[in-house]
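In what follows, a single structure is set out as structure tokens and then discussed.
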Amino acid sequence: NPITITLGGTYSDAGATAKDDKDGDVTSKIVVTVTPSAFSSASVATYIYHYNVSDAAGNAATEVTRTVNVANSVANMAGTYTENENCSTTGANSGNSTISASSTVNDRIIITNFALNATATIYGDVSGLNITVPLQSAGTEWYYGSGTISGTTLNINFTDSIALGAFQTCSDTYIKQ
């Protein structure tokens, strides 16, 4: 206790057993409830399984609980990053970006202020030490690319549509602060 399940994963409750000094095995009388609601691995959440049982005389046992956390496997990547950018047209720049883990898609990160663009919030899909930024728009610009992860550093090479059909290639390094 607690148990962690990845987003979209499966969980089968192990249940509980109960014995009473007079009634013997009362496992079949255990009532299981889950809060805040029925378990779902579709989004990040914490669930508490409550196990309650009473004997034939109505004596209630002390409640036992089990915590089940649903988490994104890339949650450890969340934080503020220093972003160093080098683009073919706009040159070198640096600033800060924020990375968070998706609450609904496992192995997905959300990068706010991507490409040092205050209106650009994009996502990247992580597979092992690789990251893919599928084609997506942010404001009037389009981005796509890929990169690698090394410890707390991300290196992403991408194409940026900067204006009226013009494109530039960029190489950004994100270093976790």
Side-chain angles (χ1 to χ4, degrees), residues 1-13 34-48 66-177:
N1 203 9
I3 297 168
T4 300
I5 305 298
T6 47
L7 265 171
T10 58
Y11 174 69
S12 180
D13 184 42
V34 183
T35 56
S37 61
F39 178 82
S40 170
S41 67
S43 62
V44 171
T46 296
Y47 296 90
I48 309 294
R66 176 177 293 127
T67 301
V68 180
N69 296 306
V70 178
N72 191 320
S73 61
V74 293
N76 62 315
M77 294 177 69
T80 302
Y81 286 72
T82 299
E83 180 180 356
N84 297 307
E85 178 175 81
N86 191 356
C87 294
S88 59
T89 303
T90 57
N93 295 291
S94 64
N96 290 326
S97 294
T98 303
I99 295 179
S100 58
S102 170
S103 63
T104 57
V105 179
N106 196 45
D107 293 328
R108 178 168 286 174
I109 59 172
I110 310 298
I111 305 173
T112 304
N113 199 36
F114 182 76
L116 300 174
N117 177 345
T119 64
T121 298
I122 62 96
Y123 68 90
D125 293 321
V126 175
S127 177
L129 297 177
N130 297 304
I131 182 167
T132 301
V133 177
L135 180 64
Q136 55 199 289
S137 67
T140 59
E141 298 187 42
W142 289 83
Y143 301 98
Y144 65 94
S146 62
T148 59
I149 302 165
S150 177
T152 58
T153 301
L154 286 77
N155 294 296
I156 302 176
N157 298 310
F158 64 94
T159 300
D160 175 359
S161 67
I162 52 178
L164 302 171
F167 293 88
Q168 68 176 342
T169 56
C170 300
S171 178
D172 283 19
T173 300
Y174 296 83
I175 304 166
K176 193 170 188 178
Q177 297 178 5

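Keep in mind that this is a model prediction, so the values were computed, not measured. For reference, positions follow the sequence shown, starting with 1.
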Which pairs count as salt bridge (charged side-chain N to carboxylate O under 4.0 Å, His left out) when at least one residue sits in residues 38-48, sequence neighbours excluded? none

Check side-chain contact (heavy atoms from CB on, under 4.5 Å) between [X] and all other residues, then give those that pass, not counting sequence neighbours.
X	answer
T152	K176
N76	none
N117	T119, A120, E141, Y143

Is the shortest heavy-atom distance from the side chain of [X] to the side chain of [Y] under 4.5 Å?
X	Y	value
T82	N96	yes
I109	L154	yes
D160	T90	no
I110	T121	yes
T98	N113	no

Going by disulfide bond (SG atoms under 2.5 Å apart), name the pairs with one or both residues in residues 80-159, residues two or more places apart or in two chains. C87-C170

Output a table of donor-acceptor pairs, distance under 3.5 Å, between side-chain atoms of residues 130-139 and any protein atom two or more places apart or on a different chain; print 'none' if there are none.
from : atom 1 : to   : atom 2 : distance (Å)
Q136 : OE1    : Y123 : N      : 2.9
Q136 : NE2    : Y123 : O      : 3.0
Q136 : NE2    : P134 : O      : 2.9

[X]: what forms a side chain to side chain donor-acceptor pair (under 3.5 Å) with it, not counting sequence neighbours?
X	answer
E85	none
S97	E83
T35	H50
S88	none

Donor + acceptor pair across side chains of D107, S73 (<3.5 Å): yes

With sequence neighbours excluded, residues passing ring pair (Phe, Tyr, Trp, His ring centres under 6.0 Å) with Y11: F39, Y49

Qualifying residues under salt bridge (charged side-chain N to carboxylate O under 4.0 Å, His left out), relative to D125, sequence neighbours excluded: R108

Donor-acceptor pair, distance only, cut-off 3.5 Å: does the side chain of N72 make one with the backbone of V105? yes

How far apart are the closest heavy atoms of A71 and T4, and which atoms are they? CB-CG2, 4.0 Å

